[in-house]
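Just so we're on the same page: letters track the sequence lines, and every chain starts at 1. Every value quoted in this text rests on a predicted model; they were computed, and no experiment measured them.
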Amino acid sequence: DAKTTQPPSMDCAEGRAANLPCNHSTISGNEYVYWYRQIHSQGPQYIIHGLKNNETNEMASLIITEDRKSSTLILPHATLRDTAVYYCIVRVDNTYSGNTPLVFGKGTRLSVIA
Amino acid sequence: DVKVTQSSRYLVKRTGEKVFLECVQDMDHENMFWYRQDPGLGLRLIYFSYDVKMKEKGDIPEGYSVSREKKERFSLILESASTNQTSMYLCASLREPQETQYFGPGTRLLVL
């Protein structure tokens, strides 16, 4: 089962920042937070991931609360092409014990509106 | 650039047919995965493989088998296709823990 909770849908005006929340209250100390998105009829696309510190890349920023029980993905200037389902996933650090696949929940359907 | 390819984007098969879905990655990744995606159910893991000739069952392996004879190729096999296997099938790969998991474009399978 997915270990994250996300709102099922959100709207965002084009050009505005889209802030997508995710709750992961049972996250363990060795679990990372990953964000993927899936545009209609395509495979999921990696966006960003982090452990404790806030992260930023060319696509988005990831803000993780100090207690790590929730996080927010920020798309700073949403465009129509950002309309997609966004998945927040926690994944354990399995460096020494093999690999664990990503477990996807239902995600948040983000609609960017012109 | 990272690349995961799947043999077909769309496939139509008849009930009882044996179906092969092929996935190839060119990134020398050890780990490969097969998911299926259905409306309202999200992505569910069918099988994964962490090395050549190794396989592990995911959450819904029934009715499926896999083959990993070469590192770059991971095949999903439907021994006898049924209508409830109509779905979008997604292949993915990753190299190590904390690396990102890259997905193929998906194969939309219709079983009649």
Side-chain angles (χ1 to χ4, degrees), chain A residues 1-9 22 27-53 55 57-60 62 73 84-109, chain B residues 1-6 8-10 21 23-25 27 29-51 54-61 66 74 87-109:
Chain A
D1 286 329
K3 297 169 68 174
T4 62
T5 305
Q6 298 176 254
S9 63
C22 179
I27 193 170
S28 302
N30 62 352
E31 286 182 314
Y32 286 70
V33 180
Y34 283 79
W35 282 84
Y36 281 73
R37 73 179 183 184
Q38 188 172 21
I39 295 168
H40 183 62
S41 294
Q42 297 182 25
Q45 175 192 24
Y46 166 81
I47 303 173
I48 199 167
H49 75 284
L51 181 63
K52 293 182 191 175
N53 301 321
E55 303 286 339
N57 63 20
E58 64 278 3
M59 287 181 71
L62 173 61
L73 178 76
V85 178
Y86 287 77
Y87 296 98
C88 170
I89 299 159
V90 295
R91 183 166 174 267
V92 67
D93 174 354
N94 266 330
T95 305
Y96 303 107
S97 58
N99 296 297
T100 303
L102 296 171
V103 177
F104 286 79
K106 302 278 177 67
T108 296
R109 184 173 297 278
Chain B
D1 209 12
V2 165
K3 202 118 187 229
V4 179
T5 57
Q6 295 182 229
S8 307
R9 288 302 305 272
Y10 301 95
L21 301 182
C23 175
V24 178
Q25 49 94 4
M27 298 163 283
H29 286 174
E30 287 84 13
N31 304 286
M32 297 186 74
F33 311 86
W34 275 106
Y35 295 85
R36 63 177 280 178
Q37 186 172 32
D38 302 287
L41 296 176
L43 276 86
R44 294 179 291 167
L45 181 67
I46 305 172
Y47 266 98
F48 64 104
S49 167
Y50 51 87
D51 203 352
M54 305 299 284
K55 61 185 180 185
E56 294 280 344
K57 291 181 180 179
D59 299 320
I60 50 163
V66 290
F74 190 35
S87 185
M88 167 76 115
Y89 289 88
L90 289 155
C91 174
S93 76
L94 82 133
R95 181 165 57 219
E96 292 175 0
Q98 285 71 58
E99 294 257 338
T100 60
Q101 189 161 321
Y102 295 96
F103 284 82
T107 296
R108 195 169 289 280
L109 173 67

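Side-chain N or O atoms of Y36(A) include one that pairs as donor or acceptor with a backbone N or O of Q101(B) at under 3.5 Å.
Of all non-hydrogen atoms in R91(A) and L94(B), the two that sit nearest each other are NH2-CD1, 3.7 Å. Between L90(B) and G43(A) the shortest heavy-atom distance is CD2-CA, 3.6 Å.
Ring centers of F33(B) and F104(A): at least 6.0 Å apart, outside the cut-off.
Within the 4.5 angstrom heavy-atom criterion, no atom of R44(B) approaches chain A. For a residue to count as touching a neighbouring chain, one of its non-hydrogen atoms must lie under 4.5 Å from one of that chain's; by this rule E56(B) does not touch chain A. Only the side chain of L45(B) has a heavy atom closer than 4.5 Å to any heavy atom of chain A.
In this structure, CZ on R9(B) lies 7.5 Å from CD on Q42(A), to the nearest 0.5 angstrom.
With chain A as partner, the option from G42(B), C91(B), A92(B), P105(B) having the largest number of non-hydrogen pairs under 4.5 angstrom is P105(B).
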